[in-house]
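Source: prediction; values computed, not measured. Sequence lines set the chain letters: A, B, ... in the order given, protein chains first and strands last, and positions in each chain run from 1.
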Amino acid sequence: MLKVNKRAELPKDREAIIRVGAILCSIVCAGIVLAVMGFNPIQVFREIILGAFGTQMRIQQTVVKAIPLVVTSLGILVAFKMKFWNIGGEGQIMMGAFGAALVALNLPSTLPMPVMLLCMAIVAIVFGGIWAFIPAYFKAKFNTNETIFTLMMNYIAIKWVTYLQFGPWKDPASQGFPRIATFSDNAVMPKLFGIHIGWIIALALVAIIYVFINHTKKGYEITVVGESLETARYAGMNINSIIITAMLISGGLCGLTGMIQASAIEKTLTANISNNYGFTAIITTWLSRLSAPIILVVCIVFAGLLQGGAYLQIAMQVPASVADMIQGIILFFVLGSEFFLQYKVSFAKSEKTTIKEVA
Amino acid sequence: MMVSFLIAAVGAAMPLLYATMGELITEKAGNLNLGVEGMMLMGAVMGFSVGLHTGNPYLALLASLIAGAIGAAIYAVLTVSLMSNQVVTGLTLTIFGTGFSSFVGEGFMGTAAPAGIKALSTKIAIPGLYQIPVLGPILFHQDILVYTGYIMVIIVAIYLNKTKMGLNLRAVGENAAAADASGINVSFYKYAHIIVGGAMCGLGGAYMSLVTVPVWQANVVAGRGWIAVALVIFASWKPWKALVGAFVFGGLNILGLRLQSMGIHISQYLVDMLPYAATILIVIISTRKNRKEDMNPADLGVSYFREER
């Protein structure tokens, strides 16, 4: 008979063994799947790593892919700290990108670049924030289920941008091709060390969010609301205002991701600008156990997998989707391993002895 | 014109109906599985693959059921036995399923399903019922999977409301600890319903790849899994409402194109927002009214650990 108990606390070395063990198991499992499908797993893994970190240019590409993940994950982190399940990152990114495009396409192209970019960022943060504020308001006011609400908001935002792209915002100069006009040069983020300056924003935000959550009053209040509503109420905190503030920050950061992607990557607004970052960020945030510095590490690994997968297609003619599959397998194992971090499984001696003791 | 639109709407509703019913019984067991899109894609690609290689429509459907069930089984092991976070695990299943379907389907991209599979699309008129004015031709001159869909709704409705097992299932979803105390095997109920629910999602995916457009294309499910998640809430966890909801959402899915062919220019993309907006409205209204019977199962999304009750 298996017996499961909650662990008191796990020594650091045991925790490391379990985590590394889970990743090793997942790689073996992914390897078996690849072998069954007729690929040499060792070669596939080698090419993924080479593709992600093999040359300076590939490292730059990996970083470019990590930037939106980091910024979005930080946004998700603020919501999750409060146990507000914001799975609306996709929509908040979309609305942020929409806000940025609204500015970029309407302000004069003669505006100095810093002014233009700042305006875009502010409007993007506000738009992303509003998109998160709506479910937060209903949560605070009527206690509606935020998981479902934020999920639905994603699709409204995506359809809205798709509508703009295929309808009123379609660029007449694109000869019938459904795309929105390209931003003028002053609305495109400049590069530093070969990578657009989003990486500086991302790094700065990691530090800011870390300090915010761990060393400020507001951050502390968010954590308390997440851990126990009763405690927060007893301490006299204004819970509704905390929920709404936290969600404005959460949605605002996701909105900023939208602006970064629209400005630096697409140089316009497109309907696939959110590119599942809102969902992937939920996973990266969760795996980082809600810690801003660890988010940085997890996101770079994830970006490496994405970039490596894209390279795989060129190098081995293996479809890039194999990276998604491997990603999924690794995640399954890591998620499963969390159980062994929190619970201890042992063989109970025998059912009978327990009964005797009770008697 | 109207009738032909409604006939098409019933077809468009079917993938939604199967996936919605699958997610409905999963949620009744207290598990929110956001992997519907992934399981539908797994079902779609395995159904198509087996159909392509054997030419047998029934083996194809069986394969899609198994594929959906396997996806759900992974989710069940993680969330029920290993108590992992349901939202994160479900999203992971969607990532995995999407990757799996693109990967497996790479080899037959753009290939049409063989002639044998066409049997699934053949419209059959039900004698008697077909004679009903207006409704008859719309509801009872359809392909075989539409009829099994109707039967499924009836069975699930009876199962949930009139059988002991259905009652036990609802107890598990509402209050797992109380269900456990009354002698119900909580883990068994969760596993069984998550897996059967996944199989139904897989079948919904196969309807897309074998009947709706019987040519393999990447990401054939195109977000319908998420509409199904919305529909469960829209239907306030009731099979009959899910059937009506599937017709409505299925109709909305094809409404924009129809309107355009009639010269009314409303963008399909704006019409596409309606299901989601309607779902949000329903969530708000049912929460405000605080009507217990329209709300989600109380233990939805919560892992059950016996020693913590």
*Asks:* Kindly indicate, with the supporting measurements, whether the criterion side-chain contact (heavy atoms from CB on, under 4.5 Å) is fulfilled by A:Lys159 and B:Leu270.
*Replies:* CA-CA 7 Å; A:Lys159 296 294 176 192; B:Leu270 292 181; over 6 Å; no
*Asks:* Please flag which part of B:Thr279 lies under 4.5 Å from any non-hydrogen atom of chain A: side chain, backbone, both or neither.
*Replies:* side chain
*Asks:* To the nearest 0.5 angstrom, please state how far the OH atom of A:Tyr163 sits from the CD atom of B:Gln268.
*Replies:* 13.0 Å
*Asks:* Under 4.5 Å from any heavy atom of chain B, what part of A:Ile87 do you find: side chain, backbone, both or neither?
*Replies:* side chain
*Asks:* If you count heavy-atom pairs under 4.5 Å with chain A, which of B:Tyr75, B:Phe100, B:Phe103 comes out on top?
*Replies:* B:Phe103
*Asks:* Is A:Ile329 close to chain B through its backbone or its side chain, or both, or neither, when contacts mean heavy atoms under 4.5 Å?
*Replies:*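 Contact with chain B: backbone and side chain both.
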*Asks:* Testing B:Trp226, B:Phe234, B:Tyr276 one by one against A:Met152 for a side-chain contact (heavy atoms from CB on, under 4.5 Å), which residue passes?
*Replies:* B:Tyr276
*Asks:* Do B:Leu91 and A:Thr280 have side-chain heavy atoms sitting under 4.5 Å apart?
*Replies:* no
*Asks:* Side chain from CB out, backbone as N, CA, C, O: work out which of these in B:Leu300 comes under 4.5 Å of a heavy atom of chain A, or both, or neither.
*Replies:* neither
*Asks:* As an exercise, state the distance from OG of A:Ser337 to CG of B:Leu78, rounded to the nearest 0.5 Å.
*Replies:* 10.0 Å
*Asks:* Quick check on the interface: out of B:Val87, B:Ile74, B:Ile227, who has the most heavy-atom pairs with chain A under 4.5 Å?
*Replies:*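 Counting heavy-atom pairs under 4.5 Å, the top option is B:Ile74.
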*Asks:* Is it the side chain or the backbone of B:Leu34 that comes within 4.5 Å of chain A heavy atoms, both, or neither?
*Replies:* side chain
*Asks:* Got a second to check how far A:Leu335's CG is from B:Gln86's CD, nearest 0.5 Å?
*Replies:*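 It comes to 12.0 Å.
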*Asks:* Using a 4.5 Å cut-off on heavy atoms from C-beta on, say whether the side chain of B:Asn85 contacts that of A:Trp286.
*Replies:* yes
*Asks:* Taking every non-hydrogen pair under 4.5 Å, which of B:Val104, B:Asp272, B:Ile95 racks up the most with chain A?
*Replies:*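 So the answer, after comparing B:Val104, B:Asp272, B:Ile95, is B:Asp272.
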*Asks:* Using ring pair (Phe, Tyr, Trp, His ring centres under 6.0 Å) as the criterion, point out the one residue from A:Phe166, A:Tyr155, A:Trp169 that pairs with B:Tyr269.
*Replies:*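 Among A:Phe166, A:Tyr155, A:Trp169, the one that satisfies the ring pair (Phe, Tyr, Trp, His ring centres under 6.0 Å) with B:Tyr269 is A:Phe166.
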*Asks:* Based on non-hydrogen pairs under 4.5 Å, which of A:Leu151, A:Ile156, A:Leu331 is most in contact with chain B?
*Replies:* A:Ile156
*Asks:* Can you confirm whether B:Phe108 is buried at CZ, in the sense that more than 12 heavy atoms of other residues, nucleotides or ligands lie under 6.0 Å from that atom?
*Replies:*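 Yes, enclosed.
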*Asks:* Which atoms of B:Ile284 are under 4.5 Å from chain A, going by heavy atoms: the side chain, the backbone, both sets, or neither?
*Replies:*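 Both parts, backbone and side chain.
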*Asks:* Can you check whether B:Thr92 reaches A:Ile283 side chain to side chain, under 4.5 Å on heavy atoms?
*Replies:*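 The answer is yes; the side chains approach within 4.5 Å.
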*Asks:* For the atom pair CD1 (A:Ile326) and CZ (B:Phe96), what is the distance rounded to the nearest 0.5 Å?
*Replies:*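 Spacing of CD1 (A:Ile326) from CZ (B:Phe96) equals 11.0 Å.
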*Asks:* A side-chain contact here means heavy atoms from C-beta on lying under 4.5 Å apart; do A:Phe340 and B:Leu82 qualify?
*Replies:* yes
*Asks:* Is it the case that more than 12 heavy atoms not belonging to B:Phe188 sit under 6.0 Å from its CZ atom?
*Replies:*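 Check fails, neighbour count at 12 or below.
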*Asks:* Among the options B:Val229, B:Leu93, B:Thr98, pick out the one with the most heavy-atom pairs lying under 4.5 Å from chain A.
*Replies:*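 Looking at each of B:Val229, B:Leu93, B:Thr98 in turn, B:Leu93 comes out on top.
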*Asks:* Counting only heavy atoms closer than 4.5 Å, note whether A:Gln327 contacts chain B via side chain, backbone, both or neither.
*Replies:* side chain
*Asks:* Need one label for B:Ser81: side chain, backbone, both or neither, based on atoms under 4.5 Å from any heavy atom in chain A.
*Replies:* backbone
*Asks:* Is it the backbone or the side chain of A:Phe138 that comes under 4.5 Å from a heavy atom of chain B, or both, or neither?
*Replies:* side chain
